J.: 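My structure is below; once you've seen it, I'll send some questions.
Order of listing sets the numbers, starting from 1, for every ligand and every atom in it. For the numbers below, each heavy atom of this structure counts, side chains included, while hydrogens, waters and symmetry mates do not. Note that the structure is predicted; figures quoted are calculated from it, not measured.
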Amino acid sequence: MTRAAVIHAPHTPLRLTDITLPAPAPHQVRIRLAAAGVCHSDLSLTNGTMRVPLPAVLGHEGAGTVTEVGDAVTHLAPGDRVVLNWAPSCGSCHACSLGEVWLCADALTGAGDVYARTTGDGTDLHPGLNVAAFAEETVVAAKCVLPAPEGIPLTDAALLGCAVLTGYGAVHHSARVREGETVVVYGVGGVGLAAIQSARIAGAGQIVAVDVSPEKEELARAAGATDYLIASDTTAKDVRRLTGGHGADVAVECVGRAATIRTAWESTRRGGRTTVVGIGGKDQQVSFNALEIFHWGRTLSGCVYGNSDPARDLPVLAEHIRAGRLDLASMVTERITLDGIPAAFDNMLAGKGGRALVVF
Ligand SMILES: [Zn+2]
Ligand SMILES: [Zn+2]
């Protein structure tokens with residue numbers, strides 16, 4: 001029997017429930033979670049912005065220890081320390097054949113299947129984004145786990161699986177920040193903090209952090225921000241003023257709102273690059289006029305999972321951590337238990353704190 005935080009219907013709070021996991025199928029493994037981060041995408045899955053079959057166990061940013069492996073799994077064994085990968089790639093679809101594994105067409109195939117049942121009445125449960133990390137234990141496809149970097153506590157490694165890969169990838173793979181460039185990051189949550197640290201690692205000359213909350217200034221500056229702005233109607237102008245009147249070379253939007261995307265784009269220089277990491281709803285329409293698209297010569301791009309290849313990027317991130325350049329523990333502003341997830345969602349909606357981490 002395993003304790004899990006289960007969502008039964010949209011817009012309802014997660015409920016702590018005892019669930020029963022099956023023995024791993026041939027290509028599956030069972031994992032005892034050490035920690036799971038509470039990501040904005042989990043919130044988006046509860047409020048209908050993103051959809052999954054319900055009832056479900058959410059949680060997609062976790063790390064733990066393998067306790068059992070299916071008959072066909074030969075590369076993993078009980079005792080292995082692993083990081084969960086909610087977007088595994090198949091290696092053979094069109095995107096994978098182009099090397100763009102973050103766009104794998106099969107990443108969420110099977111995520112709608114029943115993977116466990118409630119212990120009491122046997123209700124079918126689905127794994128939110130493949131890995132169902134808001135539970136003491138989970139059963140996942142073997143391709144959904146990656147070796148955890150040696151020497152890094154699993155409570156830190158958990159963040160690698162979503163926030164850090166996404167924030168780092170947005171800066172390194174999508175925006176391709178170069179030494180000396182100016183970067184503005186919108187939204188100082190888990191992904192935003194990872195993006196700020198990654199911009200610092202890339203050697204950005206100036207890093208402007210923007211958030212609605214004055215309370216996040218300290219967190220942003222500790223991550224490497226050189227300037228901090230409270231979001232307002234004049235943010236784009238304020239960023240231009242801070243960057244010698246030109247605008248930033250790069251904007252990273254970690255909010256997913258039309259107005260913020262538009263502001264991010266406007267706050268870059270002529271020829272600047274904006275990467276949108278935040279996930280917004282269908283109702284968020286962003287508009288541009290044809291003349292300004294021509295005049296400014298800017299780039300606006302989407303970014304999925306930081307355009308990351310987790311198998312390639314995790315060892316690189318581990319090196320940054322060991323060298324002291326990337327500090328994961330500082331991103332965690334709250335350590336909670338499974339029953340603290342609804343309050344962590346409320347804090348996220350209120351714009352409070354960095355990452356909340358469920359520690360098992
Ligand atoms: Zn996430
Ligand atoms: Zn694929």
Side-chain angles (χ1 to χ4, degrees), residues 5 7 14 27 33 35-47 49-52 56-63 83-111 127-134 138 140-144 146 156-170 174 187-195 198 252-256 275-280 302-314 317 328 331-332 341 344-345 347-349 353-358:
I7 177 161
L14 275 56
H27 290 281
L33 271 298
V38 182
C39 178
H40 204 279
S41 301
D42 294 310
L43 178 60
S44 299
L45 289 164
T46 65
N47 65 22
T49 303
M50 293 164 67
R51 286 169 197 277
V52 284
V57 178
L58 305 180
H60 59 277
E61 181 183 88
V83 173
L84 297 177
N85 174 13
W86 62 266
S89 50
C90 71
S92 56
C93 71
H94 184 60
C96 284
S97 71
L98 294 171
E100 297 175 358
V101 297
W102 55 93
L103 300 177
C104 177
D106 269 344
L108 290 175
T109 301
L129 285 176
N130 272 323
V131 294
F134 287 163
T138 189
V140 302
K143 65 181 179 177
C144 289
L146 294 159
D156 286 355
L159 300 188
L160 291 171
C162 189
V164 179
L165 270 178
T166 303
Y168 172 86
S174 182
V188 184
V191 174
L193 286 168
S198 301
V252 181
E253 202 272 1
C254 307
V255 179
T275 287
V276 178
V277 185
I279 302 171
C303 177
V304 175
Y305 208 179
N307 298 3
S308 291
D309 176 347
R312 176 198 63 198
D313 292 345
L314 234 50
L317 291 169
L328 302 187
M331 294 168 48
V332 177
I341 296 170
F345 283 158
N347 282 339
M348 213 179 260
L349 278 171
R355 212 41 147 199
L357 185 72
V358 180

J.: What is the distance from atom OG1 of Thr166 to atom NE2 of His40, rounded to the nearest 0.5 Å?
T.: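 Those atoms lie 13.5 Å apart.
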J.: Leu33 and Gly62: which non-hydrogen atoms are nearest, and at how many Å?
T.: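 Shortest heavy-atom contact: CD1-CA, 4.2 Å.
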J.: Rounded to 10°, how many degrees is the angle SG/Cys162-the Zn ion (ligand 1)-SG/Cys39?
T.: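 Approximately 130° at the metal, rounded to tens of degrees.
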J.: Is the distance between the Zn ion (ligand 1) and the nearest N/O/S atom of His40 smaller than 2.8 Å?
T.: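 So His40 does not count as coordinating the Zn ion (ligand 1).
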J.: Quick check for you: with the Zn ion (ligand 2) as the vertex, what angle do SG of Cys90 and SG of Cys96 span, to 10°?
T.: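 The angle at the Zn ion (ligand 2) comes to 120°, rounded to the nearest 10°.
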J.: Show your reasoning for whether side chain to side chain contact (heavy atoms under 4.5 Å, CB included) applies to Met348 and Asp42.
T.: CA-CA 11 Å; Met348 213 179 260; Asp42 294 310; over 6 Å; no
J.: Considering only heavy atoms from C-beta outward, does the side chain of Leu84 approach that of His60 to under 4.5 Å?
T.: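 Contact flag for Leu84/His60 side chains = no.
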